[in-house]
Amino acid sequence: MGVVGGSNKPFSGVFEALNGMIDLKNPGFLKLQKHHITCWRSQKNPFSWSCLCGVMLFALGLISLFTGHVVSDLEYYSQRLIKRSLVMKWDGGNREPINIWKSRYTNVYHRCSKRGLHFRSPVREKYSNGYLLIATSGGLNQQRTGITDAVVVARILNATLVVPSLDHHSFWKDESDFADIFDVDWFISSLAKDVRIVKRVPETVMRSMDKPPYTMRVPRKSTPEDYLELVLPILLRRRVVQLYKFDYRLANELDPELQKLRCRVNYHALRFTKPIQELGSRIVMRMSQMSKRFIAVHLRFEPDMLAFSGCYYGGGEKESNELSAIRKRWDTLPDLDPVEERRRGKCPLTPHEVGIMLRALGFKNDTYLYVASGEIYGGEKTLQSLRELFPNFYTKEILAGEELKPFLPFSSRLAAIDYIVCDESDVFVTNNNGNMAKMLAGRRRYMGHKRTIKPNAKRLSALFMSRDKMNWDTFARKVKSAQRGFMGEPDEMRPGKGDFQEFPAACICKRQLKQSLNGTAESLHRNNKTMARLGPPTDLNNDDFIQRL
């Protein structure tokens, strides 16, 4: 409750009310007109002190009521003003247009994953508690999560980690081993001060064992205490333990030093092999030669993924029958209402919807797109609308040609090439919330909050469904509003929010204000010089075409 009417005398109404209750010209009585209560003094009836006290208490209550609200309002608005001033200091105001190409906070935050002074070195191999074998699960990025957590678990158990084995039996059926994708020697040496890692269990240890290595599967999101209770006793007794189906088997929230170890593994130790890195870098160079900046779009639109989602994508009866047949592969999948799933934001955006979102955000049709994807349901027909919106449309198949042949039989190596190009892009966009999207979002935050756009599917789905009820300008304005908080800015990341792979808060630190402002000033100066050199921007949009979207 604020001060009504904007009066400069917030208590005047209280005193006027009291004047109406108390007749000051006749001290022989007090009256409360509203409640028709009268106190009087006469020769026969002495003055009622209890009545006077009641009136006074009533008046004090009214004053307290009004002043309490005024004080709370003043406190509320002062806090709002203080918070707003701080926000405007850093953000230039809530409604300032978003720079779609680059976060203005690049110089404000920096990565900080170095081990602490009290983070002791691992014990020598022969003094460790045993050897830990890890069998990862899933595709490349799901396995990457397992490898990262395996190092941390080995640290928790004071164990020697054997280089993890990759999954050869998942949906992708990739026969690649760890050494085919990652630089093994670098992996071992870069983590030497954190965990002891070997390529295999020594023969002497294997020969001395009475039984084969003990194999077990720990629950998902297990805590360090769970590992110490469930795994360590067996490791001490059997000397070698294998943990299988190892994906997301470690809790999201850990001690900060263990979280930083996660970052050292994921962002530094897991380096791709030379052939993969070289081809990925050549594709990035080719994109950069064609355009000063480009967008990488990760499209998950494979038939199995669409079937699993339970959503409808506009393909009529043919689509419904095909996706329903695929869903029957999973006996445990519940029946889902496609319309309700879309309203809840559970459906990945179609390629067409991704294109519309990007154009609404302000990307022009001369923007260069690199599209990373597997098998697209519907093939070129599904991609046609995205190509029309962004004619400068490229894939690794287009850019690499014959160079890609040695990698074609291996889906994980192809995914690694896409990972490199997406990581190096100026803007990364995803239509889903899968493992690669999360992994790259976290890495790009760690590497300086490079622009990363994750669709606000729940709000966007409502806009797409009502697209024909509004003009383009209104639609674009609503899309920009919906995407605030989904553009990869630092304030989207809070400790404990989401998966650590996507929000590595423990590994990102804020610079001091003076350093940040100096860095921002230098960045603005460079941008101004660049703009002066390039001249005024050209707009290749066709307004009539936009209106038909």
Side-chain angles (χ1 to χ4, degrees), residues 113-137 143-166 177-179 182-219 221-251 254-271 500:
S113 61
K114 291 183 179 180
R115 62 186 62 82
L117 295 175
H118 303 291
F119 195 76
R120 58 180 175 77
S121 297
V123 298
R124 294 171 61 185
E125 181 182 340
K126 66 178 181 179
Y127 297 122
S128 71
N129 288 330
Y131 293 87
L132 188 65
L133 301 171
I134 296 290
T136 60
S137 178
Q143 293 183 103
R144 191 182 185 111
T145 301
I147 296 166
T148 300
D149 289 348
V151 174
V152 180
V153 169
R155 172 78 191 194
I156 292 168
L157 296 174
N158 195 20
T160 297
L161 176 67
V162 180
V163 172
S165 62
L166 303 188
D177 291 322
F178 190 101
F182 300 108
D183 185 334
V184 177
D185 293 332
W186 172 258
F187 177 72
I188 294 172
S189 62
S190 64
L191 295 170
K193 294 183 179 180
D194 297 305
V195 174
R196 294 294 178 205
I197 305 175
V198 296
K199 293 182 180 179
R200 61 189 64 85
V201 179
E203 287 293 329
T204 54
V205 175
M206 294 297 292
R207 287 197 299 267
S208 66
M209 294 171 56
D210 297 331
K211 300 177 182 178
Y214 187 87
T215 301
M216 63 184 296
R217 184 177 178 180
V218 295
K221 303 293 184 182
S222 293
T223 65
E225 292 73 23
D226 293 331
Y227 280 95
L228 294 173
E229 181 181 346
L230 298 174
V231 181
L232 182 58
I234 301 173
L235 182 65
L236 292 171
R237 188 169 66 250
R238 298 291 294 271
R239 192 61 179 154
V240 181
V241 169
Q242 181 183 49
L243 304 180
Y244 72 98
K245 286 284 184 183
F246 199 82
D247 59 335
Y248 297 99
R249 301 292 160 177
L250 185 60
L254 299 174
D255 176 87
E257 285 297 328
L258 293 179
Q259 298 287 51
K260 290 182 179 182
L261 176 56
R262 264 177 165 163
C263 294
R264 292 198 293 276
V265 180
N266 198 2
Y267 306 135
H268 298 283
L270 285 176
R271 189 164 70 181
F500 184 77

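Note that the structure is a prediction, hence the values are computed from the model and not measured.
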Just by distance, do the side chain of [X] and the backbone of [Y] share a donor-acceptor pair under 3.5 Å?
| X | Y | result |
| --- | --- | --- |
| Ser165 | Ile134 | yes |
| Glu125 | Thr160 | no |
| Arg249 | Asp247 | yes |
| Arg264 | Leu191 | no |

Is there a side chain to side chain contact (heavy atoms under 4.5 Å, CB included) between Val123 and Arg196 once you walk through the steps? CA-CA 8 Å; Val123 298; Arg196 294 294 178 205; 5.8 Å; no
How many angstroms lie between [atom1] in [X] and [atom2] in [Y], if you round to the nearest 0.5 Å?
| X | Y | atom1 | atom2 | answer |
| --- | --- | --- | --- | --- |
| Asp185 | Ile197 | CG | CD1 | 11.5 Å |
| Arg238 | Thr215 | CZ | OG1 | 8.5 Å |
| Asp183 | Ser189 | CG | OG | 7.5 Å |
| Tyr244 | Leu133 | OH | CG | 14.5 Å |
| Leu235 | Leu232 | CG | CG | 6.0 Å |

Could you walk me through whether Tyr227 and Leu250 pass the side chain to side chain contact (heavy atoms under 4.5 Å, CB included) test, one step at a time? CA-CA 9 Å; Tyr227 280 95; Leu250 185 60; 3.8 Å; yes
Are the side chains of [Y] and [X] in contact, using a 4.5 Å heavy-atom criterion?
| X | Y | result |
| --- | --- | --- |
| Lys193 | Phe119 | no |
| Pro219 | Leu230 | yes |
| Ile147 | Phe178 | yes |
| Tyr131 | Pro213 | no |

Should we count CZ of Arg217 as having more than 12 external heavy atoms under 6.0 Å?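 Correct, the count exceeds 12.
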Is it true that, when you exclude Lys114 itself, more than 12 heavy atoms of the residues, nucleotides or ligands shown sit nearer than 6.0 Å to its NZ?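 Not buried by this count: 12 neighbours or fewer within 6.0 Å.
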For the student: nearest non-hydrogen atoms of [X] and [Y], plus distance:
| X | Y | result |
| --- | --- | --- |
| Met209 | Pro212 | CE-C, 3.9 Å |
| Cys263 | Ser113 | CB-CB, 3.9 Å |
| Glu257 | Gly116 | OE1-N, 3.1 Å |
| Val195 | Ala159 | CG1-O, 4.2 Å |
| Pro164 | Phe187 | CD-CE2, 4.3 Å |
| Gly146 | Thr136 | C-CG2, 4.4 Å |

Name all residues meeting the side chain to side chain contact (heavy atoms under 4.5 Å, CB included) criterion together with Ser121; count only those two or more places apart in sequence or in a different chain, and write none if there are none.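 Residues passing side chain to side chain contact (heavy atoms under 4.5 Å, CB included) with Ser121: none at all.
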The test is side chain to side chain contact (heavy atoms under 4.5 Å, CB included); show your working for Lys199 and Ile188 and say whether it passes. CA-CA 9 Å; Lys199 293 182 180 179; Ile188 294 172; 3.8 Å; yes
Output a table of donor-acceptor pairs, distance under 3.5 Å, between side-chain atoms of residues 149-158 and any protein atom two or more places apart or on a different chain; print 'none' if there are none.
unit_1	atom_1	unit_2	atom_2	d
Asp149	OD1	Arg262	NE	3.0
Asp149	OD1	Arg262	NH2	3.3
Arg155	NH1	Arg120	O	2.9
Arg155	NH1	Asp194	O	2.9
Arg155	NH2	Arg120	O	2.8

Would Thr145 and Phe500 count as a side chain to side chain contact (heavy atoms under 4.5 Å, CB included) if you check the C-alpha gap in whole Å, the side-chain angles of each, and the deciding distance to 0.1 Å? CA-CA 10 Å; Thr145 301; Phe500 184 77; over 6 Å; no
